[in-house]
Amino acid sequence: MINCNCQYIKYFPCLLINDWIDYMREVLQNILRSALNKARDSGDIELSEVPSFTVEKPREARFGDFYTNLAMVIASRLTRKPRDVANLIKNNINGYSNLISKIEIAGPGFINFFMTPDFWLEGLRDVVSKDSGYGSLGIGRNEKVLVEFVSANPTGPLHVGHGRGAVIGDVLSNILKKAGYDVDKEYYINDVGLQMETLGISTLIRYKQILGENAEFPENGYKGDYINDIARDIILKKGNYFLQTTDKESLPFFIDFSAGVILNGIKKDLENFGIVFNRWYSEKSLYEKGMVDEIIKWLKEREFIYEKDSALWLKASAFGDEKDRVVRRGTGYYTYLASDIAYHKEKYERGFKKVINVWGADHHGYIPRIRSAIKALGFDNKTFSVLLVQLVNLKRGGEVISMSTRSGEFTELSHVVKEVGKDAVRFFCMMRSSDSHLDFDLNLAKEQSSENPVYYVQYAHARICNILKQAEVCKIKIPDVLSINLQPLKLSEELSIIKKILIFPELIEKMAVSLEPHLITHYLLDLSGDFHSYYNKYRVISDDNDLTIARLIMVKALGVVIKNSLNILGVTAPEEM
RNA sequence: GCGCCUGUAGCUCAGUUGGAUAGAGCAACGGACUUCUAAUCCGUAGGUCGUAGGUUCGAAUCCUAUCAGGCGCGCCA
């Protein structure tokens with residue numbers, strides 16, 4: 001509860017308001033409706049019903065804190081000029097002087113609202129008292145959400161491209177958690193099929209070659225050095241035992257062993273990258289539990305699957321895909337689609353209300369297939385979404401490092417993380433919208449300069465911490481947040497910073513709804529820029545005690561938002577640099 | 001040929017559920033440390049929003065066509 005003596009208490013009855021701005025938007029909507037009613041009662045406006053209108057934040061500060069298109073929306077129905085209508089509405093808004101400082105009519109007929117500084121200042125108390133809980137929303141209503149990401153085949157180490165998907169999935173999960181969803185993070189392991197066989201053969205051939213046998217390496221085999229390492233490992237453990245067995249007998253061991261080693265490597269790489277999954281879901285287990293057979297049978301019974309040319313086809317074209325898709329080949333082997341259908345059915349059966357997949361953009365052709373399968377299974381396909389992640393161009397000083405197998409060493413995620421650090425890689429991966437290509441320059445990411453956005457943000461945080469430390473050194477006593485006089489914060493820079501701090505919950509909501517996690521880095525850079533500017537121009541700690549305390553609260557709130565944002569990104573918020 | 005993504009300042013990109021004079025950062029030039037950290041700040045420039053139509057009070061944003069780049073179109077994953 002707000003139990004201070006502030007005069008705005010009637011507008012903000014309790015701290016259950018998670019989103020200051022959204023709440024204000026509602027208040028303004030109501031004010032506008034009642035103004036409209038008044039105008040109607042006095043006969044100034046004849047209108048049978050109020051059409052829907054918006055109250056939004058303008059892009060630029062000079063257009064006020066909120067604007068509405070109400071006058072423009074109803075003007076055409078009244079066959080009157082929007083600006084005249086706007087004036088009528090404006091004249092019918094009275095008695096909110098403690099909340100609204102100015103109402104302006106501008107442009108084609110926008111009504112712009114300028115809030116009183118006090119309105120914004122009050123929001124600050126909320127930020128500081130909620131601290132790490134600031135920005136947490138209830139919009140998720142604790143609904144279960146599954147975010148599946150990375151899911152790279154265990155046939156080789158992760159490269160930077162996987163890393164980008166990994167960060168996006170991880171940060172998106174954090175955002176959804178912050179928005180109030182119950183989020184599970186999952187990695188789907190493709191541990192059956194042709195690729196696994198190729199992996200096993202690759203290791204087996206290397207094994208033989210190392211032991212001096214004359215064996216030819218397959219054209220499509222995995223050529224990386226790690227295969228040799230695994231082969232040597234097997235020699236250490238089993239000696240030349242597999243020279244006596246047939247390939248067919250040896251293969252299962254080679255597959256399992258290789259995949260196991262590689263998967264462990266992947267797990268370790270991700271752990272070093274700050275990513276922890278709730279579950280590693282094995283494709284193989286779907287087969288072992290008979291779930292694939294079961295769901296194919298189920299779909300067959302409902303005639304969503306038919307047989308043609310000795311193969312089984314999913315009637316995907318009946319559910320929005322451009323053609324039907326094979327789920328079981330003529331050879332009797334299932335395609336990946338078959339197990340994917342079983343997997344997604346299983347996701348829904350585990351109770352997830354939203355199913356989100358983060359995929360490389362090269363898989364986009366696969367989306368309609370899965371979507372149609374989900375429809376065939378009878379689930380609401382609106383609850384299913386795929387976030388496509390475009391390619392990463394790894395560069396060094398402007399030169400593109402190709403991702404070919406030969407230079408594979410340099411593009412491995414673990415090497416890049418080791419070279420430039422977890423924080424920089426994570427931050428860079430989140431700087432672009434997932435559907436644009438990402439240029440990642442190793443030199444830039446390592447640079448400790450103004451060009452490096454990671455340090456820019458972290459430095460802002462460190463500076464804030466230092467100010468707060470300095471205040472302690474100066475023995476400045478900060479009273480209870482609710483009773484502090486915030487009136488001394490009068491500068492336009494201060495108001496601008498405070499407004500941005502108060503936008504944070506809206507940002508969380510926007511990112512959670514539109515699945516655009518990258519916006520968090522833009523927000524951080526914007527906020528940090530404002531702070532650095534302010535820092536250079538004004539002093540927080542001064543002889544003026546009231547001013548000092550008010551500014552300390554603002555800086556503290558700023559620190560809270562920056563830290564909370566960095567936490568979402570999984571980037572450390574250093575207290576000193 | 002069909003589908004998806006992208007096209008905005010010299011470079012890298014924001015901005016797209018339609019809103020007002022389209023924004024940052026970098027690169028370039030000049031300035032600011034006796035101050036709570038100069039990993040910072042301040043100042044100066046840059047645009048037919050790929051092109052052409054359409055929808056309307058209003059379009060970078062929506063629609064159509066077209067050009068350019070990337071990706072995908074298998075009984076591969």
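Every chain is numbered from 1, with letters handed out A, B, ... down the list of sequences.
- Remark: B:rC33 base-pairs with no nucleotide; criterion is Watson-Crick or G-U wobble with both hydrogen-bond distances under 3.5 Å.
- A heavy-atom distance below 4.5 Å is not found between the side chains of A:L32 and A:L36.
- Every side chain to side chain contact (heavy atoms under 4.5 Å, CB included) that A:D324 has, sequence neighbours left out, goes to A:Y306, A:W313, A:K315, A:S317.
- Side-chain nitrogen and oxygen atoms of A:K323 include none within less than 4.0 Å of the OP1 or OP2 phosphate oxygen of B:rC73.
- A gap of 48 Å separates the C1' atoms of B:rC76 and B:rG19, to the nearest Å.
- Residue-to-nucleotide proximity on RNA chain B shows that, of A:R539 and A:S310, the 5′-proximal contact is made by A:R539.
- Distance CG (A:N536) to C1' (B:rC41): 4 Å, rounded to an integer number of Å.
- Distances were taken from every side-chain heavy atom of A:Y456 (C-beta onward) to each of B:rC2, B:rC41, B:rC76; the shortest belongs to B:rC41.
- A:E576 comes within 4.0 angstrom of a base, heavy atoms only.
- Nucleotide B:rG23 forms a pair with B:rC13, judged by Watson-Crick or G-U wobble geometry with both contacts under 3.5 Å.
- In this structure A:P154 satisfies the side chain to side chain contact (heavy atoms under 4.5 Å, CB included) test together with A:I189, A:M196, A:I262, A:L263, sequence neighbours excluded.
- Contacts of A:A471 with the nucleic acid, taken as non-hydrogen atoms under 4.0 Å apart, are absent.
- Classification of A:E494 and A:R551 as a salt-bridged pair holds, one side-chain N sitting under 4.0 Å from a carboxylate O.
- The aromatic ring of A:F110 does not stack onto the base of B:rG19, failing the criterion of a centre distance under 5.5 Å from the six-membered base ring together with planes under 30° apart.
- Classification of A:E186 and A:K347 as a salt-bridged pair fails, no side-chain N sitting under 4.0 Å from a carboxylate O.
- Closest contact between the side chain of A:R329 and the listed nucleotides B:rC2, B:rC76, B:rG19 involves B:rC76.
- For the C1' atoms, the distance linking B:rC57 with B:rA20 amounts to 13 Å, nearest Å.
- Between A:R463 and B:rA38, a side-chain N or O to OP1/OP2 separation shorter than 4.0 Å is present.
- To the nearest angstrom, P of B:rG23 lies 18 Å from NZ of A:K57.
- Rounded to whole Å, the separation between the C1' atoms of B:rA22 and B:rA9 comes to 11 Å.
- The gap from the C1' atom of B:rC33 to that of B:rG70 amounts to 47 Å, rounded to the nearest Å.
- Summarising the base pairing, B:rA52 is matched to B:rU64 through a Watson-Crick or G-U wobble pair whose two defining distances lie under 3.5 Å.
- Salt-bridge check for A:K395 with A:D439: passed, with a basic side-chain N closer than 4.0 Å to an acidic carboxylate O.
- You'll find that the side chain of A:L194 is closest to B:rC76, out of B:rG70, B:rC76, B:rC57.
- Every side chain to side chain contact (heavy atoms under 4.5 Å, CB included) that A:A424 has, sequence neighbours left out, goes to A:V420, A:A445, A:V454.
- Residues meeting the ring-ring contact (aromatic ring centres under 6.0 Å, His included) test with A:F440, sequence neighbours left out: A:F428.
- Nucleotides B:rG47 and B:rG53, compared at atom C1', are 22 Å apart to the nearest Å.
- For B:rA39, there is no paired base (Watson-Crick or G-U wobble, both distances below 3.5 Å).
- At whole-Å resolution of the value, CZ in A:R328 and C1' in B:rC75 are 12 Å apart.
- Base pairing of B:rG1: its partner is B:rC73, meeting the Watson-Crick or G-U wobble criterion (both donor-acceptor distances under 3.5 Å).
- Rounded to whole angstrom, the span from the CG atom of A:D526 across to the P atom of B:rA24 amounts to 10 Å.
- Under the 4.0 Å criterion applied to side-chain N and carboxylate O atoms, A:R328 and A:E307 are not assigned as salt-bridge partners.
- Comparing atom distances between the A:S533 side chain and each of B:rA39, B:rC41, B:rC75 picks out B:rC41 as nearest.
- Within the nucleic acid shown, A:Y67 comes within 4.0 Å of at least one base atom, counting heavy atoms only.
- On a pure distance criterion of 3.5 Å, a polar donor-acceptor pair joins the side chain of A:N112 and the base of B:rA20.
- Look at CZ on A:F66: it is 18 Å from P on B:rG19, rounded to the nearest Å.
- The separation of B:rA14 from B:rU8, taken at their C1' atoms, amounts to 10 Å, rounded to a whole angstrom.
- Remark: A:Y343 engages A:Y188, A:Y281 in a ring-ring contact (aromatic ring centres under 6.0 Å, His included) (not counting sequence neighbours).
- Of the candidates B:rC2, B:rC4, B:rC42, the closest approach to any side-chain atom of A:H364 belongs to B:rC4.
- Residue A:F440 is classed as having no contact, given no heavy-atom separation below 4.0 Å to the nucleic acid.
- Between the C1' atoms of B:rU51 and B:rU40, the separation comes to 43 Å (whole Å).
- Between A:G365 and A:L337, it is A:G365 whose nearest contact on RNA chain B lies nearer the 5' terminus.
- Nearest to the side-chain atoms of A:E322 among the listed nucleotides B:rC36, B:rU40, B:rC2 stands B:rC2.
- Straight-line distance from the NE2 atom of A:H461 to the P atom of B:rA39: 18 Å, rounded to whole Å.
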Next on the checklist: For nucleotides 7-18 of chain B, give me one character per nucleotide, 5' to 3': B if any protein heavy atom sits under 4.0 Å from the base, S if the only such contacts are to the sugar-phosphate, - if neither.
Outcome noted: -----SSSS---

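- In this entry the base of B:rC33 is syn relative to its sugar, with a glycosidic angle within 90° of 0.
- Per the geometry, CG belonging to A:D441 stands 13 Å off P belonging to B:rA27, to the nearest Å.
- For A:Y366 and B:rG74, the OH to C1' distance is 12 Å, given to the nearest whole Å.
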